[in-house]
Amino acid sequence: MLAKRKMQSKELAEKLGITPANLSILKTGKAKGIRFDTLEAICEVLDCQPGDILEFIPN
Amino acid sequence: MNKVKIVSRILYYITRLFSLLYFAMALNSAISLLTGWSLLFYENGKYFRVCFPFTQTPYLAGDYNLPYIIFEFLIPLSLYGLFFLLVGNVIRVFFQAKLFTENNISHLRRFYWANLILPGLAVLLASVFAEMDELAEILIVLHFFLGVFAYFLAAIFRQGVNLQNEQDLII
């Protein structure tokens with residue numbers, strides 16, 4: 001989605017109000033969870049749906 | 001949490017002061033006993049009194065024999081200096097920005113190990129060379145309970161650190 005919107009991670013992190021490190025944790029799947037307001041902010045900035053950025057991978 | 005931080009900061013300064021005082025008393029006493037400066041003797045040298053530096057005003061007294069001086073005077077003074085130092089470190093934990101950290105757990109760990117082991121060890125060593133007071137046994141028990149309490153507190157903090165780490169990974 002970042003590539004589609006031609007946006008860098010640093011810019012997205014600034015717009016979301018989170019640190020680049022936390023954004024990296026989200027991107028690499030190391031996060032334990034995501035807050036709804038963070039998800040809402042991501043979807044708003046990237047103009048997308050949660051399904052566009054979340055994927056279920058069975059163990 | 002603000003009140004806790006204020007109270008803990010006050011207690012931290014008080015315990016640091018006590019620690020400094022105990023260490024200063026131990027050092028002053030050691031110097032006095034080694035050099036004879038600011039030292040008074042009573043009853044034909046049976047008892048000694050340590051005076052404030054450069055004065056003749058006594059503030060500590062004891063039996064003038066080597067086992068007493070080492071095991072029932074200097075070592076307890078030094079150990080109580082250490083005790084208040086460790087208490088201060090534990091209290092400082094409560095006005096840090098983050099409460100549940102590995103560093104704070106390590107302060108609790110040092111505190112509980114010191115309280116569980118040092119009093120018993122010191123009294124055991126002293127009892128070989130000198131006769132121990134009943135008060136010493138009471139102090140061992142008191143410090144043991146303090147150590148156990150700190151041990152449980154460390155376990156709570158360990159849980160807190162785990163929860164904190166999990167919370168930090170919820171973005």
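Every heavy atom of this structure was used, including side-chain atoms; hydrogens, water molecules and symmetry mates were not. The sequence lines fix the lettering, A, B, ..., with proteins before strands; numbering per chain opens at 1.
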Q. So how far is it from A:I42 CD1 to B:I171 CD1, rounded to the nearest 0.5 Å?
A.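 Spacing of CD1 (A:I42) from CD1 (B:I171) equals 9.5 Å.
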Q | Euclidean distance, A:N22 CG relative to B:L169 CG, rounded to 0.5 Å | A | 8.5 Å
May I ask whether [X] and [Y] are part of the same hydrophobic cluster, defined by side-chain heavy atoms of I, L, V, M, F, W, Y residues being less than 4.5 angstrom apart, directly or through others?
{"X": "B:Y151", "Y": "B:L142", "value": "no"}
{"X": "B:F73", "Y": "B:F18", "value": "yes"}
{"X": "B:L11", "Y": "B:Y13", "value": "yes"}

**Q.** Side chain, backbone, both or neither of A:I18 within contact of chain B (heavy atoms, under 4.5 Å)
**A.**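 A:I18 touches chain B through side-chain heavy atoms alone.
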(Q) Give me each pair satisfying salt bridge (charged side-chain N to carboxylate O under 4.0 Å, His left out) with a member in residues 21-37 of chain A, each pair once, sequence neighbours excluded. (A)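 Applying salt bridge (charged side-chain N to carboxylate O under 4.0 Å, His left out) to every pair that reaches into residues 21-37 of chain A, excluding sequence neighbours, yields nothing.
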